[in-house]
Number of protein chains: 2
Amino acid sequence: MRIINIAIVDDHPLIISGLVAILRPYNQIVVGGTYTSAAGLLEGLKSTPPDVLLLDILLPDISGKELVPAIRELCPETRILVLTSLDMPSMVSSMLRRGCSGYLLKGAPSHTLIDAIEIVFDGGQYIEPKLKEQLFQNFLKFKEHPKNQMVIPELTQREKEVLTLIAAEYTTREIASKLFISYYTAENHRNNLIQKLDVKNTAGLIKVAIQIGLIK
Amino acid sequence: MRIINIAIVDDHPLIISGLVAILRPYNQIVVGGTYTSAAGLLEGLKSTPPDVLLLDILLPDISGKELVPAIRELCPETRILVLTSLDMPSMVSSMLRRGCSGYLLKGAPSHTLIDAIEIVFDGGQYIEPKLKEQLFQNFLKFKEHPKNQMVIPELTQREKEVLTLIAAEYTTREIASKLFISYYTAENHRNNLIQKLDVKNTAGLIKVAIQIGLIK
DNA sequence: GCCTTTCTACCTGTTTTCCGGTAGGCCTAA
DNA sequence: TTAGGCCTACCGGAAAACAGGTAGAAAGGC
């Protein structure tokens, strides 16, 4: 019988012990390591890279989101299965794009967990069906009116204004001045845009702005 | 028992009779009309609008693609189930965003056909699972950008490389690392780009990069 | 040879962005 | 009434971009 070596990272020890208890009856699955922080995880991965990593997104030190590239760098063979309570389609695509193999909600029944682990171990992809469906529908809606600025529920009116001005090459201070708001507020909008649109910097913002037809 | 009234449009009479034969055993489904052309269909819809329309895409007079809006105009209540042999994900999204409720391949088994008819009749959506999956995966890769090697005499080869990487949201330090040059050199290229292209900052660079086709 | 362009590398500053917080007021939906 | 979303405002610190220099090496044309 094949053995799947897994590791678990979650900031709540209770969750970890719960998972370990759930997995115990399944002899083909061996929990090789458990971690409560990103730092500990990265340390542990060096010595014993698991086949599958159960990853929570909300961690004490850094976000699982930023953690994924580091993990992939460290042990490219390890398949990452996101196990979180974040019930957001956008998070799913964000994590998958970063290289995760699956996305599971913490409410999932134990047999689903086992299935998911085996699927990603075999090189497949497991995504919470409900979220996958939502993501798919978003995709259809997105393609429906890619040019229409009114159909981007992701952004508020104010954020779209700020994004437009960023695209017009104004600095944050100039934007604040133009919109009659504080510099801090304008910067806040800018930061929210970067988070919401899942980009790294101004360059990414401009690309999105053009994609959604906000400029040019 | 509820009765589902359906209509079929397909340019091959053989396919139509085959479908009719498949559907005959199911008493809840009544074939109210069959058509071999778009013109005939539009005529027939006026008198007897069906609950569900089985629509082929390749028709003799006009494409089913262009036909859908006309059908929706004529009888908005009718749910359209695309039944075709076109095995292309892009066609699925194309038809769905025009207002179709389902997409089925002609190779589908009869019970699947029945299921799909009932699902769309109930206001749901049925999409060939394989195509749905492909479409979903395309969506995930949506953010990749195909590069284009165009001739911009204003910029040197090295500058174009740097600009491409800036547009890919890399920092100057990362770009330097990728190109095996010093951080200062990379920054120098960045500054030169801003000067040459007469823009104020990164935002302007991205816009130019897109304009000249360096990135999507 | 000389001149130009390009790529390379370095330096010193200043400005801006980026990150991750906190927090109150307002409005709306539950 | 409470919860949530949005806009507003603020803070501190790190990182990156921006601006304006100098300067050597290589390659090519005249």
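By convention in this document, chain letters (A, B, ...) are assigned in the order of the sequence lines, proteins followed by strands, and residues within each chain are numbered from 1. These numbers come from a predicted model, not from an experiment. Note: hydrogens, waters and symmetry copies are ignored here, and every other heavy atom, side chains too, is used.
Rounded to an integer number of Å, the gap from Q157(B) CD to dT8(C) C1' is 16 Å. Atom pair K196(B):NZ and dA19(D):C1' shows a separation of 18 Å (rounding to whole Å applied). Following rounding to the nearest Å, L179(A) (CG) and dC6(D) (C1') show an atom-to-atom distance of 15 Å. Put simply, CD1 on I181(B) is 12 Å from C1' on dT6(C), counting in whole angstrom units. In this structure, NZ of K160(A) is placed 14 Å from C1' of dC6(D), rounded to the nearest angstrom. Put simply, CZ on R158(B) is 14 Å from C1' on dA26(D), counting in whole angstrom units. When the P atom of dA23(C) is taken as reference, atom OH of Y184(A) falls 17 Å away, rounded to whole Å. Distance, N192(B) CG to dC7(C) C1': 10 Å, rounded to whole Å.
At its two ends the helix from dG1(C)-dC30(D) to dA30(C)-dT1(D) runs along axes set 50° apart, each axis drawn from five pairs and the angle rounded to 10°.
In this structure, the side chains of T156(B) and K196(B) come closer than 4.5 Å at one or more pairs of heavy atoms.
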Indicate every side-chain donor-acceptor pair of residues 202-211 of chain B with a distance under 3.5 Å to a residue at least two apart or in another chain.
unit_1: T202(B); atom_1: OG1; unit_2: R190(B); atom_2: NH2; d: 3.4
unit_1: K207(B); atom_1: NZ; unit_2: A167(A); atom_2: O; d: 2.8

Give every donor-acceptor pair under 3.5 Å between a side-chain atom in residues 76-84 of chain B and any protein atom, sequence neighbours left out.
unit_1: T78(B); atom_1: OG1; unit_2: P50(B); atom_2: O; d: 2.6
unit_1: R79(B); atom_1: NE; unit_2: S101(B); atom_2: OG; d: 3.3
unit_1: R79(B); atom_1: NE; unit_2: V120(B); atom_2: O; d: 3.0
unit_1: R79(B); atom_1: NH2; unit_2: S101(B); atom_2: OG; d: 3.3
unit_1: R79(B); atom_1: NH2; unit_2: G123(B); atom_2: O; d: 3.2
unit_1: R79(B); atom_1: NH2; unit_2: G124(B); atom_2: O; d: 3.3
unit_1: T84(B); atom_1: OG1; unit_2: L86(B); atom_2: N; d: 3.1

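Sorted by first and then second residue, the salt bridge (Lys or Arg N to Asp or Glu O under 4.0 Å) pairs with a member in residues 172-181 of chain B read K200(A)-E174(B); sequence neighbours excluded. Applying the side-chain hydrogen bond (donor to acceptor under 3.5 Å, both in side chains) test to every pair with at least one member in residues 41-51 of chain A, sequence neighbours left out, gives no pairs at all. Within the structure, salt bridge (Lys or Arg N to Asp or Glu O under 4.0 Å) contacts touching residues 100-114 of chain A (residues at least two apart or in different chains) are D10(A)-K106(A), D56(A)-K106(A).
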Contact state string [nucleotides 17-22 of chain C, B base, S sugar-phosphate only, - no protein heavy atom under 4.0 Å]:
BBBS--
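Taking Y183(B) as the reference, E187(B) meet the side-chain hydrogen bond (donor to acceptor under 3.5 Å, both in side chains) condition, with sequence neighbours excluded. Under the rule for a side-chain hydrogen bond (donor to acceptor under 3.5 Å, both in side chains), the partners of K130(A) that lie at least two apart in sequence or sit in another chain are D87(A). Residues passing the side-chain hydrogen bond (donor to acceptor under 3.5 Å, both in side chains) test with E128(B), sequence neighbours excluded: none. When the side-chain hydrogen bond (donor to acceptor under 3.5 Å, both in side chains) test is applied to D122(A), the partners found at least two apart in sequence or on another chain are R2(A).
Distances shorter than 4.0 Å separate none of the side-chain N or O atoms of H189(B) from OP1 or OP2 on dT6(C). Taking 4.0 angstrom as the limit, T185(A) places none of its side-chain polar atoms (N or O) nearer than this to OP1 or OP2 of dT8(D).
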Please tabulate, one pair per line, each protein N/O and nucleotide N/O from nucleotides 28-30 of chain D that are separated by under 3.5 Å, including the distance.
none

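Applying the 6.0 Å contact sphere to CZ of F121(A) captures more than 12 heavy atoms from other residues, nucleotides or ligands.
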